[in-house]
Amino acid sequence: DAMVIQNPRYQVTQFGKPVTLSCSQTLNHNVMYWYQQKSSQAPKLLFHYYDKDFNNEADTPDNFQSRRPNTSFCFLDIRSPGLGDAAMYLCATSRGNRNTEAFFGQGTRLTVV
Amino acid sequence: AQTVTQSQPEMSVQEAETVTLSCTYDTSESDYYLFWYKQPPSRQMILVIRQEAYKQQNATENRFSVNFQKAAKSFSLKISDSQLGDAAMYFCAYRSARGGADGLTFGKGTHLIIQP
């Protein structure tokens with residue numbers, strides 16, 4: 001059974017048109033992460049939530065926002081997508097303990113046209 | 001800031017043979033975790049193996065083992081008796097042990113091809 005679910009798997013959006021990617025989890029984990037994975041590059045952490053506490057990486061563009069309305073769901077909002085934002089977006093969760101592993105969703109492939 | 005380097009963009013191995021994927025990292029921390037994740041085509045990333053930096057013993061999970069050299073900041077993955085299902089992207093990743101919520105720092109990945 002899928003434990004970290006990302007919807008949709010594929011998203012096409014227009015240049016400059018706001019888009020929202022969704023992630024849900026059935027693991028009841030405290031922490032939810034968003035990573036950006038461009039082609040042939042390492043996945044890069046954008047931000048994470050520890051419960052309701054939001055933690056933004058220093059170099060994450062302002063164009064990217066996130067919301068976590070409850071434990072199960074987390075959203076990635078891209079306010080004005082540019083061509084350079086085309087990527088795979090990965091959601092992950094963890095318990096947040098010291099000795100913990102991350103569980104990943106299948107990702108959402110975002111295309112900007 | 002920590003960095004993770006995987007110098008092999010692609011590796012190929014015959015089925016049933018052994019292959020080693022390389023990973024080096026840079027950090028000023030003494031307490032951290034290292035991971036190898038597998039990402040099959042169109043499927044989610046899954047954990048293959050994990051190593052705590054304070055443990056000298058190399059981690060082993062069935063056919064997967066690591067060679068952790070802390071002084072050299074090297075963390076290679078050995079896959080024995082390679083199987084067709086091992087074909088995937090493999091990512092080496094680092095996480096600080098300061099706090100459990102810290103995210104992962106990934107390498108660029110190695111594409112592993114299994115030749116039947």
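Since this is a predicted model, take the numbers as computed values, not measurements. Chain identifiers are assigned alphabetically (A, B, ...) following the order of the sequence lines, protein sequences preceding nucleic acid strands; residue numbering begins at 1 within each chain.
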Report task. Report yes or no: does A:R95 contribute a side-chain atom to a donor-acceptor pair with the main-chain N or O of B:A101 at less than 3.5 Å? Result -> no

For the hydrophobic clusters of this structure (ILVMFWY residues joined by side-chain heavy atoms under 4.5 Å, transitively), does one cluster hold both [X] and [Y]?
{"X": "A:V19", "Y": "A:F15", "answer": "yes"}
{"X": "B:L112", "Y": "B:I49", "answer": "yes"}
{"X": "B:Y33", "Y": "B:Y37", "answer": "yes"}
{"X": "A:Y50", "Y": "A:V4", "answer": "no"}
{"X": "A:F47", "Y": "A:L21", "answer": "yes"}

Portion of [X] that has a non-hydrogen atom of chain B nearer than 4.5 angstrom:
{"X": "A:R9", "result": "side chain"}
{"X": "A:Y49", "result": "neither"}
{"X": "A:E101", "result": "both"}
{"X": "A:Q37", "result": "side chain"}

Side chain, backbone, both or neither of [X] within contact of chain A (heavy atoms, under 4.5 Å):
{"X": "B:S42", "answer": "both"}
{"X": "B:E52", "answer": "side chain"}
{"X": "B:R98", "answer": "neither"}
{"X": "B:D31", "answer": "side chain"}

Report task. Compare every heavy atom of A:P43 with every heavy atom of B:G107, then report the nearest pair and how far apart it is. Result -> O-CD, 4.0 Å

Report task. Please report the shortest heavy-atom distance between B:K108 and A:S40, naming the atom on each side. Result -> CD-O, 3.9 Å

Within 6.0 angstrom of [X] [atom1], more than 12 heavy atoms from elsewhere:
{"X": "B:R43", "atom1": "CZ", "answer": "no"}
{"X": "A:D59", "atom1": "CG", "answer": "yes"}
{"X": "B:K70", "atom1": "NZ", "answer": "yes"}
{"X": "A:N70", "atom1": "CG", "answer": "yes"}
{"X": "A:K38", "atom1": "NZ", "answer": "yes"}
{"X": "B:E10", "atom1": "CD", "answer": "yes"}

Please examine the side chains of [Y] and [X], heavy atoms only from C-beta on, and report whether any two atoms are closer than 4.5 Å.
{"X": "A:F104", "Y": "B:L104", "answer": "yes"}
{"X": "B:Q44", "Y": "A:M3", "answer": "no"}
{"X": "B:Q39", "Y": "A:L90", "answer": "yes"}
{"X": "B:T105", "Y": "A:K44", "answer": "no"}

Report summary line: In this structure, CG of B:L47 is separated from CZ of A:F103 (nearest 0.5 Å) by 8.0 Å

Report summary line: Separation between CG (B:D102) and OH (A:Y33), nearest 0.5 Å, reads 7.5 Å

Query raised in the report: Under a 4.5 Å heavy-atom cutoff, which of A:G107, A:G105, A:S94 has the most pairs with chain B?
Result: A:G105

